[in-house]
Amino acid sequence: MMSHGVRGTADRPGANGAAMDDRTPGDGVTVLIEPRTLVRECIALSLTALDPASPMETFPDIAAWARDGDPLATTLMLFCGSAHGSLSDQLSPHISAAREIVPDLAFAVFAAQDDPLQASEAIRLGARGYLSPGVSLEVTVHALKLIRAGGIYVPANLLGAGRPHDGAGPSDQQLLNLFSPRELEVARAMRKGQPNKVIAVELNMSESTVKVHVRNIIKKLKVKNRTEVAFRTQGLFLDGA
């Protein structure tokens, strides 16, 4: 039985997603990639029951999404991880295939377990969220809203637990002393997913100055990109800001 606005293949070939004619122009679509039919339908039905305003479609694989979906309307892709093997081995081929079609596509991971090391690995892969089974459905819906708005989500109980203390980067206790007040402001804005131009306006500084701060923050944290900055500093901003 299909309900809660989720349509089956009879309504749109290859997609078990939210009713497309309920969408307003400009709405982005969240796509779930999961080969197991029952799993993907249960996830989609549960999420759309609590958040019917957020369009969602599901596909068994990237090829089906490319063939039967609307890649250019997709703003977030969700992958289901397995408890066995590394996330990189599981997801990298699918992420690469999706980004060959939509280069800047944001994605998040439905995890199979509450694993801090796996959460860290997801962020290193570029994920904007690690949605673990240890949080409620309601929290998951709010996390997805944060991710769609450009933020990063990792369950608070996993923050920091998966980072080895091997000198690869500063501890949480050192971060406040490591950053200048201005860098902390920029790091907070980066965690919200704000681009440099917006940060410059909000903090009343030039865009070139923002770029300098961003480079310094990345260097001090010994990370590779803005997504890792957002994850690494989340413990400083647990007020949600």
Side-chain angles (χ1 to χ4, degrees), residues 1-20 23 28-52 54-115 117-137 139-141 143-144 147-148 153-155 158:
M1 180 179 70
M2 305 299 291
S3 60
H4 304 302
V6 179
R7 289 189 170 184
T9 55
D11 298 293
R12 179 168 183 179
N16 297 321
M20 295 302 293
R23 259 171 48 196
V29 176
T30 297
V31 166
L32 171 65
I33 301 295
E34 166 55 52
R36 297 166 296 179
T37 302
L38 181 60
V39 172
R40 69 175 183 265
E41 288 185 357
C42 286
I43 291 174
L45 285 168
S46 298
L47 293 174
T48 54
L50 285 185
D51 187 17
S54 297
M56 174 170 284
E57 295 182 358
T58 75
F59 299 91
D61 50 42
I62 298 299
W65 167 67
R67 181 184 66 246
D68 301 319
D70 186 356
L72 294 182
T74 304
T75 53
L76 176 64
M77 182 165 284
L78 305 175
F79 296 101
C80 292
S82 168
H84 306 290
S86 73
L87 277 182
S88 180
D89 291 341
Q90 295 172 38
L91 301 182
S92 290
H94 306 295
I95 295 167
S96 297
R99 286 187 163 170
E100 285 183 5
I101 301 168
V102 182
D104 297 323
L105 183 64
F107 72 93
V109 177
F110 274 114
Q113 57 191 347
D114 292 310
D115 185 342
L117 291 174
Q118 201 175 72
S120 296
E121 186 178 10
I123 298 302
R124 286 196 298 271
L125 286 172
R128 300 200 66 85
Y130 183 83
L131 305 162
S132 76
V135 300
S136 68
L137 181 61
V139 170
T140 299
V141 168
L144 286 173
I147 294 167
R148 291 186 191 103
Y153 175 79
V154 176
L158 301 183

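The shown structure was predicted, so the numbers you read here are calculated from the model rather than taken from an experiment. For this chain, numbers begin at 1 and follow the sequence in order.
The heavy-atom pair separating T48 from S54 by the smallest distance is CG2-O, 4.4 Å. Considering all non-hydrogen atoms of both residues, P52 and L50 come closest at CD-C, 3.5 Å. Considering every non-hydrogen atom in both A112 and G81, the closest pair reads CB-O, 3.5 Å. Pairing each heavy atom of S132 with each of V135, the nearest pair is O-CG2, 3.2 Å.
When the side chain to side chain contact (heavy atoms under 4.5 Å, CB included) test is applied to S96, no partner is found at least two apart in sequence or on another chain. When the side chain to side chain contact (heavy atoms under 4.5 Å, CB included) test is applied to P133, the partners found at least two apart in sequence or on another chain are A111, D114. Partners of T140 under the side chain to side chain donor-acceptor pair (under 3.5 Å) rule, at least two apart in sequence or in another chain, do not exist in this structure. Under the rule for a side chain to side chain donor-acceptor pair (under 3.5 Å), Q90 has no partner lying at least two apart in sequence or in another chain. Shown here are the side chain to side chain contact (heavy atoms under 4.5 Å, CB included) partners of S86, two or more places apart in sequence or in another chain: S88, D89, E121. Residues satisfying the salt bridge (Lys or Arg N to Asp or Glu O under 4.0 Å) criterion with D51, sequence neighbours excluded, are R148.
Here the side chains of V31 and L78 are not in contact, with every heavy-atom distance at 4.5 Å or above. You'll find the side chain of D70 stays beyond 4.5 Å of the side chain of W65, heavy atoms only. L125 places a side-chain heavy atom less than 4.5 Å from the side chain of S92. Counting heavy atoms from C-beta outward, F79 and L87 have side chains that stay 4.5 Å or more apart. Between I33 and T58 there is no side-chain heavy-atom pair separated by less than 4.5 Å.
A distance of 11.5 Å separates CD1 of I147 from OG1 of T75, quoted to the nearest 0.5 Å. Atom CG of residue L137 and atom CD1 of residue I43 lie 10.0 Å apart, to the nearest 0.5 angstrom. In this structure, the separation between CD on Q118 and OH on Y130 is 4.0 Å, given to the nearest 0.5 Å. Note that CE of M56 is 6.0 Å distant from CG of L32, once rounded to the nearest 0.5 Å.
Applying the salt bridge (Lys or Arg N to Asp or Glu O under 4.0 Å) test to residues at least two apart or on different chains, the pairs with a partner in residues 30-39 are E34-R36.
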Listed pairs under 3.5 Å, donor-acceptor, residues 99-110 side chains, sequence neighbours left out:
from	atom 1	to	atom 2	distance (Å)
R99	NE	L105	O	3.1
R99	NH2	L105	O	2.9

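Not a single donor-acceptor pair under 3.5 Å links the side chain of R40 to the backbone N or O of F59.
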